[in-house]
A.B. asks: 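The structure that follows is given in the form of structure tokens.
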Amino acid sequence: MSIRLTNIAKTFGRTTALEPLDLNIADGELVGLLGPSGSGKTTLLRIIAGLEQPDRSRTGSIHFGERDVTNVHVRDRRIGFVFQHYALFRHMSVFDNVAFGLTALPRRSRPSTGEIRTRVNRLLEMVRLEEFANRYPAQLSGGQQQRVSLARALALKPDVLLLDEPFGALDAKVRQELRRWLRHLHDELGFTSVFVTHDQEEALELSDRVVVMSNGRIEQIDEPDTLYRHPANRFVFEFLGDVNRLEGNVQDGELTCGDARLSVDLPDGHQELLMRPHELKLLEAQSPHSRLPVTVTSASPIGAEVRVELIADWLPEPWQATVRHADFERLHIKRGQRLFVEPRRWHRFGNAETHDQEVEILS
Amino acid sequence: MSMIATLTGTASKRVLPGFGLSLGITLLFVSLVLLLPMTSLVGQLAGLSLAEYWAIITEERVVASYMITIGAAAVAAIVNALFGLLMAWVLVRYEFPGKRLLDALMDLPFALPTAVAGITLATMYSSSGFMGKLLAPLGFEIAYTWVGIALAMAFTSIPFVVRTVQPVLEDLPQEIDEAALTLGASDALAFRRVILPHLWPALVTGTGLAFVRSLGEFGAVIFIAGNMPYETEITALMIFVKLQEYDYVGASAIASVVLAVSLALLLALNLWQGRFIRRLHGGKG
């Protein structure tokens, strides 16, 4: 079921939680709402769910498919909602929790006790908790509780599944596992899902499309790949990963900053360039394009790469570079070593007049 | 063997200091303030034979007073359970001007001397009082009836319900009722199946405390009760009457009944609540 939001805004007293926005989510899509806390992502999700009402002063509307649900109560919207802290009914067994939605149906549409039993057992099988049916939530781990909460939300076969920071309270490994499992479940059952997260990795890994939000505004909506490669603005760029900053004056195609310099194809004047850690190359000598001398302050192997921290007297704050283990070994990188940096690629975001620009330097 | 001994030896050394001293003082205090008077009460009964004791506590007038006291206390407790729950709900779930003041007012029955409350209620609901005048034409008589007794009992024991339910309600995240609503539950169903079961232990405990408190209430009740034998005499008054007649043994005998009932109720409540809470926190229950 597709979701269409038109001109939706929300204010709490005098603070604006959401500026007027439009959003279209296609049928069967898995969309992540990504943003820092206070960006309005949870408010947006709760408005879709019907747990929050958008401002009445605007003629906004919410459609699920062709159905206008703007004034439909949350209980009649046919959504499944998963809360960050699970919100399980602690006095009910796992089975009763999952069965709740079915038993809450009005008598005429309620399935028989036997059918409820079959359906709940099937759901518990799906979340691999069939042996835990008679346990109470307090006897389960966080990951198991969140799976119960998912099964409970799916029991009524909702058109739309909404998840509010579903994995936020879990530890890294469980989170990873549940993420993959949710993706799998989504592809298998084909419902439309929207989830909220402040973890860019989670958003990029799990979503078909990511909606990046800040200060109650949508900054960019794109597929993870496009989002990462072509961020619409500086906020998106900075939010999606670590950033190294180079500020300086450009004159005759060369940017200088203290005793550092870099050939750039930019007009004269003050410029700020941004680079990702993996876009920095470490060299033993300066190159024809650049002379960016740095000193290594630390090198830590993190998974497939080595993260190197660099300082220099022309840098107001240290840079981060990630290098492959092979390069790390070849350069014999150790603390205190003096090296040169060569950016493979850099990004520049101007104000409204100048266009965002990124340049790939071929070497 | 010796290693186990050393291990347990070090393990029994508590990290938190002051256990012996604080427990000692607590026990001393409990003995002086609670146990000693109760022991002497039971000691008073030593002079009675079982038959005499039975005769005192089953005297017709006394039995009538049990009925009145228990009936009025039960009505007061049930009324308090309903309104106390509502007040706790209002105080926790909504924001409104004057909320702090209302919250503070909840404790007033504890702070006010009960006799003051009794006199105030009696004058207000007597046939010449402000409320009495309003209700008399409608055929309601409150002062000097069991309704008045229940009213005075309700007044003095309402904080028990509010103050036991309130913290539990505060701990109940709003997400719980939202979850019920997203699953299609009506407001009534969400309250009955999701919220009430959480509040149940606190509500029952609060109501039980209110009931026990009402059983022993004296000051607030005697002014409004009218104290007519067989009609509006409460058990606490029977004890008082016996004391006035210097019948200390008789007073102790009746008091021992009130004490036994109260203790049994409190103990039962504690056991029941402990079981319920163990289930919520993952024990086998």
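By convention in this document, chain letters (A, B, ...) are assigned in the order of the sequence lines, proteins followed by strands, and residues within each chain are numbered from 1.
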A.B. asks: Would you kindly check if the NZ (Lys) or CZ (Arg) of A:Arg152 is within the cone defined by 45 degrees around the ring axis of A:Phe89 and under 6.0 Å from the six-membered ring centre?
C.D. replies: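 That pair qualifies as a cation-pi contact.
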A.B. asks: Quick check on A:Arg77 against chain B: is it the side chain, the backbone, both or neither that has a heavy atom closer than 4.5 Å?
C.D. replies: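 For A:Arg77, neither part sits under 4.5 Å from chain B.
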A.B. asks: Which answer fits A:Leu102, side chain, backbone, both or neither, if we ask what part of it has an atom under 4.5 Å from a heavy atom of chain B?
C.D. replies: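 It is neither, since no heavy atom gets under 4.5 Å.
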A.B. asks: With a 4.5 angstrom heavy-atom cut-off, is it the side chain or the backbone of B:Leu181 that approaches chain A, or both, or neither?
C.D. replies: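 Both parts, backbone and side chain.
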A.B. asks: Given that the side chain runs from C-beta out, which part of A:Thr103 has a heavy atom under 4.5 Å from chain B: side chain, backbone, both or neither?
C.D. replies: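 Both parts, backbone and side chain.
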A.B. asks: Of all of A:Arg135, A:His73, A:Arg75, A:His85, which one pairs up most often with chain B through heavy atoms under 4.5 Å apart?
C.D. replies: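 Result: the option with the highest number of such pairs is A:Arg75.
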A.B. asks: Salt-bridge test for A:Arg183 and A:Asp208: reply yes if a basic N is under 4.0 Å from a carboxylate O, no otherwise.
C.D. replies: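 Here A:Arg183 pairs with A:Asp208 in a salt bridge, since their nearest N and O are under 4.0 Å apart.
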A.B. asks: Check this for me: A:His198, atom NE2, are more than 12 non-hydrogen atoms of other residues, nucleotides or ligands nearer than 6.0 Å?
C.D. replies: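 Incorrect, the count does not exceed 12.
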A.B. asks: A:Phe64 ring centre to A:Arg4 NZ or CZ under 6.0 Å, with the angle to the axis within 45°?
C.D. replies: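 Relative to the ring axis of A:Phe64, which defines the angle, A:Arg4 lies outside at least one limit.
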A.B. asks: With a 4.0 Å cut-off, would you call A:Arg67 and A:Asp76 a salt bridge?
C.D. replies: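 Looking at A:Asp76 together with A:Arg67, the answer is no, because their closest N to O distance does not fall below 4.0 Å.
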A.B. asks: Under a 4.5 Å heavy-atom cutoff, which of B:Val194, B:Asp177, B:Leu189 has the most pairs with chain A?
C.D. replies: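 The candidate making the most pairs under 4.5 Å is B:Val194.
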A.B. asks: Measure distances from A:Ile79 to the heavy atoms of chain B and classify the residue's part below 4.5 Å as side chain, backbone, both or neither.
C.D. replies: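 Both backbone and side chain.
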A.B. asks: Is the distance from the ring center of B:Phe110 to that of B:Phe160 below 6.0 Å?
C.D. replies: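 Distance test on ring centres: under 6.0 Å, yes.
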